[in-house]
Amino acid sequence: MDNVIVAKSVYKTFKSGFINKKYVNALKDINITIKRGEIFGLLGPNGAGKTTLLNIFSGQLLPDKGQVWILGKEITTNMPLELKTRINMCSGNPNFPWSLTVEENLKFFSLLYNIHGSNCATAVDKYIKMFGLEKVRKTRYDSLSTGNKQRLALAKSLINNPEILYLDEPTIGLDPDIAKKIRESILRIHQETNMTIILTTHYMKEAEELCERISFIKDGEIKALGTKYDIMKLTKSENLEDAFIELSG
């Protein structure tokens, strides 16, 4: 099993203000290797650095120091287009063109990934069916329920059949029954495609159900890395929720 993401000694600092400048060390000496085909969890409290790291892995940010390889290519400047076509992301706070329908949004994003003609139509039909969006196919985005907006976000994230899928809080704010269906969809996709999935979440049950390995981040540093059993053993906890509380201090 080869490595699809490698991060070595990654640092990222943000600064704000002009006169009294403030510096926030978002990431400090991050070392992670993610294998092809695994579901890897990034856990930690708010402001821990999870989203910053996810943005670096998806090419939206560059580290200040350190090295990052994605699918065997070292990222030293803007991520090349060829590499972007092999990844995708789903956010728990999706934002789509509000006046486009479900079908139109999926066609729009298909075109962004250079998927045209019959291939586009086939992909759109496939993911509308996969996520149960048939009844709202012609419904505008601004008229969708929260659950259907999230289903659309997942459908969009798969439209290019990515090798790496980034899921940033994919079930945040959803009712428990809808969140359960989303998790089931994620597991089904993983089982059918062996896609590498990197997940951030605050829901420990979600992490326990989905993640094969977990990295716990706090204050920009990795505090624990391993399987859920490794982390529970490290913290002498009976479940991942107690381990999260222990590691969060």
Rounding to 0.5 Å, atoms NZ (K156) and CZ (F131) come to a distance of 11.5 Å
Heavy atoms of T201 and E169 approach each other most closely as CA-OE1, 3.5 Å
Quick one: does any side-chain atom of K12 pair with a main-chain N or O of A26 as donor and acceptor, under 3.5 Å? no
query = Should E163 and R36 count as an ion pair when the cut-off is N to O under 4.0 Å?
reply = yes
Nearest heavy-atom contact between K84 and N160 is O-ND2, 4.4 Å
Q.
Can you confirm whether more than 12 heavy atoms, excluding those of K126, are under 6.0 Å from its NZ atom?
A. no
* Give the intermediate values and the outcome of side-chain contact (heavy atoms from CB on, under 4.5 Å) for residues T76 and Q67. => CA-CA 8 Å; T76 56; Q67 297 170 290; over 6 Å; no
*Return yes if some donor-acceptor pair links the side-chain N/O of S157 with the main-chain N/O of L154 below 3.5 Å, else return no.*
yes
Centre-to-centre under 6.0 Å for F96 and F109, is that the case here? yes
Open item on the list: side-chain hydrogen bond (donor to acceptor under 3.5 Å, both in side chains) for T200 and D168? Distances and angles first, verdict last.
Closed with: CA-CA 5 Å; T200 73; D168 191 10; 2.5 Å; yes
- Check the pair T101 / T139 against side-chain contact (heavy atoms from CB on, under 4.5 Å), numbers first and verdict last. CA-CA 5 Å; T101 66; T139 302; 5.9 Å; no
(message) Under 4.0 Å between a side-chain nitrogen and a carboxylate oxygen: does that hold for E184 and R188?
(response) no
dist M79:CE -> T85:OG1 (nearest 0.5 Å) comes out at 10.5 Å
query = With a 4.5 Å heavy-atom cut-off, do L54 and I198 have their side chains touching?
reply = yes
- Does N239 reach the main-chain N or O of E241 with its side chain, forming a donor-acceptor pair under 3.5 Å? yes
Check ion pair R137-D125 (N to O, under 4.0 angstrom): yes
Path from L133 to I186 over hydrophobic side-chain contacts below 4.5 Å: yes
Result for side-chain contact (heavy atoms from CB on, under 4.5 Å) between F14 and one of N25, D64, L61 points to L61
Q. Counting only N and O atoms by type, is there a donor-acceptor contact under 3.5 Å from the side chain of Y141 to the main-chain atoms of N105?
A. no
| query | Just by distance, do the side chain of K50 and the backbone of L199 share a donor-acceptor pair under 3.5 Å? | reply | no
Discussion item. Looking at K138 and E103, is there a salt bridge between them, counting it only when a charged N and a carboxylate O are closer than 4.0 Å?
Written reply: yes
Between G226 and I231 the two heavy atoms that sit nearest each other are O-CD1, 4.1 Å
(request) Mark yes or no for whether E206, through its side chain, and Y203, through its backbone, hold a donor-acceptor pair below 3.5 Å. (result) no
* Asked: So, does K218 use its side chain to make a donor-acceptor pair with the main chain of S248 at under 3.5 Å?
  -> yes
